[in-house]
Structure formats: structure tokens, C-alpha cells
2 protein chains.
Amino acid sequence: MAQQSEQLDGIFQALADPTRRAVLGRLGRGPASISDLAKPFDMALPSFMKHIHFLEGSGLIQTRKEGRVRTCAIDKQRFAAIETWLSEQRALWEGRTDRLEQFVLKTQDKETQK
Amino acid sequence: MAQQSEQLDGIFQALADPTRRAVLGRLGRGPASISDLAKPFDMALPSFMKHIHFLEGSGLIQTRKEGRVRTCAIDKQRFAAIETWLSEQRALWEGRTDRLEQFVLKTQDKETQK
DNA sequence: ATGATACTTAGCCTTATGGCTCAGCAATCA
DNA sequence: TGATTGCTGAGCCATAAGGCTAAGTATCAT
């Protein structure tokens, strides 16, 4: 449970950056090398590498070096953790009145007063 | 598109913190005041407030002040953005060989050499 | 054997994050 | 009216994030 939470920390943090999401988008179409992945981004390679390391640390991708080329690929299993969390969250909503809070928030026309 | 990306930045960043995920878990069971929400956490109120503001900024919750009490509630719609992104990501995987990358990564027993 | 390629390491810089305290301020309660 | 409750604002602090450059190492090609 606790370790699951830390895992989610890393996963969501990894997803919170547009560069990293774009990398995942590219890897969704198949494995690629670091330099191939880096090409679309106007960023120094070491900066880009930090994103790769972050993604690998979160478990969302795996990498493997062969010769001088490091190949990256998505680890689909890790995405299941996101789905699980979302399901748990949604499970809470269901079987609940569900009219109340929309009412609570909408009646006073968005007047989020100080 | 671009603004969607920034929206996702905020949403995922908001989810990347255990306190904030716990707050969402609590709010999943229904609206609550700031001080009720803060009770379980061993944290000064202003610190806790930052999390609430972050959540509100991301759109995952909405708040409304009545008298001296501010009530918070989940905005379920925002969660759809996460599902959408996940679906898009999964759409990329599907209709693809799908054996290749697992092979690429698993053959060399995890020897992620330097 | 040289040179180019593909990372990798180290370190610097700026901004953001997540915690704190101390001091308000407005709404209720006694 | 005075005290308590429930936030709110300002500002400090330490660490992490995300960018950079410069220099290094290991392959691979010639």
C-alpha cells in the first residue's frame, strides 16, 4: 500500500511533463533509441536524458543498451497502476447521492468569494 | 491541444502527491470542509491549504465559501481528461505487433549495463 | 589508428514544490 | 462584547525539477 503510493507518486510525476508524455506517445508506436526519441525536441541531450531516466525510474518505460545504442520501450504493465487508481476513485463515487455536491457547488453562481 | 497539454500537466502534477490523492479519496465519498479534510494530516493548515489550492487550480476539485467555512467537492469531469489521455495512449499500442518490444527488453536478462 | 557517433557524467543555474511560522480577519458562539 | 473557530496571507527555508555547458567514455566506421 505505502509502496504503491510511492509508485503512484513517480508515475503521475512522470506524466506531469509534456516532453515525457510526448516520449510515451512516440514509444506507443514502438521501441526507439535515445537519439531518435530526442530528435523532435529542441533540448540538449543531457536534459533529454533526465526525462528518460525519470520515465525509467517510474517504471513506465524500460531501456536496454546494446553497443552504444540504448533502446527504450514502453512497459505497459505500469499503466495498469493508473487504471487501478482511477477505478478505486470511481468506485467511491458510485453508490452515492451524486446530486448533492454538484448542487452545493453550482447554486451560488461560481461566486468563490474571499 | 496545447492547452489540453497544460491541463494534463496540472492534473498529473496534482495527482503526484500522496496528500492530494488522499484528499481526492476523501472527497470521493462526498464534499467536506477544509478543516475536516485537514484533520487526518499532521501538517500546518497553511501547508495543507496549498494542496487544496493546487487541486482547485488543476480543476480536480471545486470549492465554495459559505460563512467562514469553505466546502470542497470533486469535479468528476476533470477525471475524464485522464481517461482520454490513457485511451489515446492505449490506442497506439493496439494494432501493433506487440511481441517485439517485450522481446527486445526481456531477452538480455535485465542486464541494463552501463 | 583516427574520427565520428551515441550516449554519459559532473556541475551550475533558476524556478517550483512542499513544508514551516507568525500574524491577520471575518463569522459564530457564549 | 469578547473569545473562539476557520480559514487566509506573507514570507522564510530546504530540496527537487528542468534546463544548460563542458568534458568524458565506449562503439563503430574508415
Side-chain angles (χ1 to χ4, degrees), chain A residues 5-6 8-24 26-27 31-58 60-73 104-105 108 111-114, chain B residues 5-24 26-27 31-58 60-73 104 108 111-114:
Chain A
S5 186
E6 286 181 29
L8 284 175
D9 288 357
I11 290 173
F12 283 129
Q13 180 91 35
L15 296 179
D17 182 276
T19 299
R20 292 193 290 261
R21 284 198 307 278
V23 167
L24 290 175
R26 167 63 189 79
L27 289 179
S33 71
I34 299 277
S35 38
D36 277 358
L37 287 172
K39 262 172 203 156
F41 302 99
D42 184 20
M43 188 182 294
L45 194 58
S47 308
F48 184 76
M49 287 294 293
K50 286 197 185 175
H51 290 298
I52 296 295
H53 288 139
F54 206 124
L55 283 168
E56 191 174 14
S58 76
L60 289 168
I61 71 170
Q62 290 184 3
T63 78
R64 177 205 177 196
K65 192 162 187 178
E66 213 170 346
R68 61 186 167 174
V69 176
R70 183 172 293 276
T71 301
C72 308
V104 168
L105 293 171
Q108 189 188 26
E111 180 189 346
T112 305
Q113 59 194 189
K114 242 189 184 177
Chain B
S5 185
E6 286 180 29
Q7 192 174 308
L8 283 175
D9 287 357
I11 290 172
F12 283 129
Q13 182 88 39
L15 297 179
D17 182 276
T19 299
R20 292 192 290 259
R21 283 198 308 279
V23 167
L24 290 175
R26 167 62 190 79
L27 289 179
S33 72
I34 299 276
S35 38
D36 277 357
L37 287 172
K39 263 172 203 158
F41 302 99
D42 184 20
M43 189 183 296
L45 195 58
S47 310
F48 184 76
M49 287 295 293
K50 286 196 184 176
H51 290 297
I52 296 296
H53 288 138
F54 205 125
L55 283 168
E56 192 174 15
S58 75
L60 288 168
I61 71 170
Q62 291 184 2
T63 79
R64 176 203 177 197
K65 192 162 187 178
E66 213 168 345
R68 60 185 169 177
V69 177
R70 182 172 293 277
T71 302
C72 308
V104 168
Q108 190 186 24
E111 179 188 346
T112 306
Q113 60 195 186
K114 242 191 186 174

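Residue numbering restarts at 1 for every chain, and letters A, B, ... go by the order of the sequence lines. Predicted model, so just to flag it, every value in this text is computed and none were measured.
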A.B. asks: At less than 4.0 Å, is any side-chain N or O atom of A:Ser35 found next to OP1 or OP2 of C:dC7? Yes or no.
C.D. replies: yes
A.B. asks: Looking at A:Arg64 and A:Thr71, would you say the former's side chain and the latter's main chain have a donor-acceptor pair under 3.5 Å?
C.D. replies: no
A.B. asks: Within this structure, what is the NE2-to-P distance between A:His53 and C:dA10, rounded to whole angstrom?
C.D. replies: 12 Å
A.B. asks: Can you see if the side chain of B:Lys65 gets near the phosphate of D:dT8 - specifically, an N or O under 4.0 Å from OP1 or OP2?
C.D. replies: yes
A.B. asks: Please state how far atom CZ in A:Phe41 lies from atom P in C:dC7, giving the value in whole angstrom units.
C.D. replies: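 Rounded to the whole Å, the gap is 15 Å.
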A.B. asks: Which heavy atom of B:Arg20 sits nearest a heavy atom of B:Gln13, and at what distance?
C.D. replies: NH2-O, 3.0 Å
A.B. asks: Strictly under 4.0 angstrom, non-hydrogen atoms only: write out the protein contact profile of nucleotides 17-27 of chain C, one letter per nucleotide from the 5' end, B, S or -.
C.D. replies: -BBBBB----B
A.B. asks: Please name the pair of heavy atoms, one in B:Ala22 and one in B:Phe41, separated by the smallest distance, quoted to 0.1 Å.
C.D. replies: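 That would be CB-CZ, 3.6 Å.
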A.B. asks: Using side chain to side chain contact (heavy atoms under 4.5 Å, CB included) as the criterion, point out the one residue from A:Val23, A:Thr19, A:Ile11 that pairs with A:Leu55.
C.D. replies: A:Val23
A.B. asks: Tell me the closest heavy-atom pair linking B:Asp9 and A:Ala16, and the distance in Å.
C.D. replies: OD1-O, 3.4 Å
A.B. asks: Could you give the CE-to-P distance, from A:Met49 to C:dT5, as a whole number of Å?
C.D. replies: 18 Å
A.B. asks: Would you call A:Asp36-A:Arg26 a salt bridge at under 4.0 Å N-O?
C.D. replies: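 No, A:Asp36 and A:Arg26 are not salt-bridged.
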A.B. asks: In whole Å, what is the span from the CG atom of B:Asp9 to the P atom of D:dA17?
C.D. replies: 15 Å
A.B. asks: Can you measure A:Asp36 atom CG to C:dA6 atom C1' for me and round it to whole angstrom units?
C.D. replies: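 Between C1' of C:dA6 and CG of A:Asp36: 11 Å.
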A.B. asks: Tell me: CZ of A:Phe12 to C1' of D:dA16, nearest whole Å?
C.D. replies: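 Interatomic distance, CZ of A:Phe12 to C1' of D:dA16: 20 Å.
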